[in-house]
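Structure first, then comments.
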Amino acid sequence: MSDPLRPRASLRTAVVWDVLKDALERRVKAAGRDALDVLDTGGGSGNFAVPVARLGHRVTVVDPSPNALFALERRAAEAGVADRIRGVQGDAHGLFQVVERGGYDAVLCHGVLEYVDDPAEGLRNAAGALRPAGTLSLLAAGLGGAVLARALAGHFTEARRALADPAGRWGEGDPVPRRFTAEQLTDLVTATGLQVGAVHGVRVFADLVPGVLVDTEPGAMDALLKLEAAVAEQPAFHSVATQLHVLAERD
């Protein structure tokens, strides 16, 4: 995933970035502060952390990879936001060994639940890092999108296997350890005590449309971006999205 502010990458990130940016603006108004404290769990090299810091917020990135944190430091410096980004080595299960419980206005948990041993525990920790009225942005792999993609590629047995597998995997060669339905994600969020605000389907069409068409057909990228935005909140499309985004708040 690339920087949400770069045009080509926006096909993958636009829906999430627009929702997140609006949520941060609401938190700024509610908190009465221009700068928020934001935690990005599994934030890697700063795909979202750097754009969030560009908005003026202070961002702490927790990631288990030293290489990712080194890339984060370099990217933050290039973007001129090194003073607003702090990288810390750690993971979702040991989160409070490296960051403060209840210390953040917003927590990003993007691409984490697919890989942790216990998604419920990882999400509880993410929720526990929120201040009262804080916002959680959760992004995870969607089951339906994987089933659809395998079927359209002619791998019908793998598609059926993913549909039946408890983890949503299509086989031993599947690089994603776990996938979720929208209901599974909202149930996990609700179990932490947070209030689900909105669910969005992400990359409903973007991964299925040939890249050459998007890159060469005049106006195709802009039209596809608008289509993705138009279907993101419609529940009928959540079941075929590559990723699912849940926005939630602590009461």
Side-chain angles (χ1 to χ4, degrees), residues 1-14 16-17 19-21 23-24 27 35-131 134-141 175-178 192 202-203 242-243 245-248:
M1 191 188 300
S2 300
D3 189 328
L5 301 185
R6 290 170 53 191
R8 187 65 180 88
S10 62
L11 275 177
R12 291 176 173 265
T13 60
V16 179
W17 175 245
V19 172
L20 177 60
K21 187 177 178 183
L24 293 175
R27 287 301 312 135
L36 302 176
D37 294 305
V38 179
L39 174 65
D40 189 353
T41 62
S45 59
N47 299 327
F48 280 90
V50 168
V52 168
R54 282 190 190 133
L55 297 177
H57 305 304
R58 296 176 293 271
V59 187
T60 298
V61 176
V62 176
D63 197 277
S65 168
N67 290 337
L69 293 174
F70 178 77
L72 167 70
E73 184 178 350
R74 185 176 64 246
R75 178 184 281 186
E78 291 172 351
V81 294
D83 59 329
R84 293 198 290 274
I85 292 184
R86 179 173 70 105
V88 181
Q89 189 171 1
D91 58 32
H93 290 308
L95 190 62
F96 299 120
Q97 297 174 15
V98 294
V99 301
E100 178 187 358
R101 186 184 295 271
Y104 297 89
D105 300 293
V107 173
L108 280 57
C109 186
H110 295 174
V112 173
L113 295 194
E114 298 94 320
Y115 298 96
V116 296
D117 293 334
D118 186 343
E121 181 192 4
L123 196 53
R124 280 196 303 271
N125 286 347
L130 285 171
R131 289 172 176 158
T135 298
L136 171 73
S137 174
L138 172 65
L139 182 67
V176 179
R178 191 183 293 108
T192 69
V202 180
R203 290 157 57 190
T242 299
Q243 292 178 307
H245 182 247
V246 179
L247 195 69

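A quick note: this is a predicted structure, and the numbers were derived from the prediction, not measured. All values below were derived from every heavy atom in this structure, side-chain atoms included, with hydrogens, water molecules and symmetry-related copies excluded.
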For the residue pair F48 and W17, does the interplanar ring angle fall in the parallel (under 30°), tilted (30 to 60°) or perpendicular (over 60°) class?
-> tilted
Q243 backbone acceptor or donor facing R203 side chain under 3.5 Å = no
Please answer whether the main-chain N or O of L113 pairs with a side-chain N or O of R178 as donor and acceptor at a distance below 3.5 Å.
-> yes
Please assess L20 against V52 for the test side chain to side chain contact (heavy atoms under 4.5 Å, CB included), listing each intermediate value before the final yes or no.
-> CA-CA 9 Å; L20 177 60; V52 168; 4.1 Å; yes
Dump the intermediate steps for side chain to side chain contact (heavy atoms under 4.5 Å, CB included) on V202 and L139, then the final yes or no.
-> CA-CA 9 Å; V202 180; L139 182 67; 4.1 Å; yes
Is the backbone N or O of G103 less than 3.5 Å from a side-chain atom of R131, with the two atoms forming a donor-acceptor pair by type?
-> yes
For V107 and T41, run side chain to side chain contact (heavy atoms under 4.5 Å, CB included): C-alpha distance rounded to whole Å, both residues' side-chain angles, the deciding distance at 0.1 Å, then the answer.
-> CA-CA 7 Å; V107 173; T41 62; 4.3 Å; yes
Rounded to the nearest 0.5 angstrom, the CG-CG distance for N125 and L130 is 11.5 Å
Check L72 against G44 and note the closest heavy-atom contact, atom names and distance.
-> CB-O, 3.7 Å
With sequence neighbours left out, what residues match R27 under side chain to side chain contact (heavy atoms under 4.5 Å, CB included)?
-> A30, A31, L36, D105, A133, T135
Here the gap from Q97 atom CD to Q89 atom CD, rounded to the nearest 0.5 Å, amounts to 12.0 Å
F70 atom CZ, neighbour heavy-atom count above 12 within 6.0 Å = no
For the student: nearest non-hydrogen atoms of H245 and V19, plus distance = CE1-CG1, 3.6 Å
Shortest non-hydrogen contact from C109 toward V112 = SG-CB, 3.8 Å
Heavy-atom side-chain proximity of L95 to L39 below 4.5 angstrom = yes
At what distance, to the nearest 0.5 angstrom, does CG of D40 lie from OG1 of T60?
-> 9.5 Å
Side-chain contact, heavy-atom cut-off 4.5 Å: L123 with L136?
-> yes
Looking only at heavy atoms, which two atoms of D63 and G42 are closest? And how far apart?
-> OD2-C, 3.3 Å
CG on L138 to NE2 on H110, rounded to 0.5 Å = 7.5 Å
Where do A106 and L24 come nearest, in terms of heavy atoms and distance?
-> CB-CD2, 3.8 Å
Taking T192 for the side chain and A127 for the main chain, is one N or O donor matched with an acceptor at less than 3.5 Å?
-> no
Where is the tightest heavy-atom contact between R75 and S45, given as atom of each residue plus distance?
-> CD-O, 3.5 Å
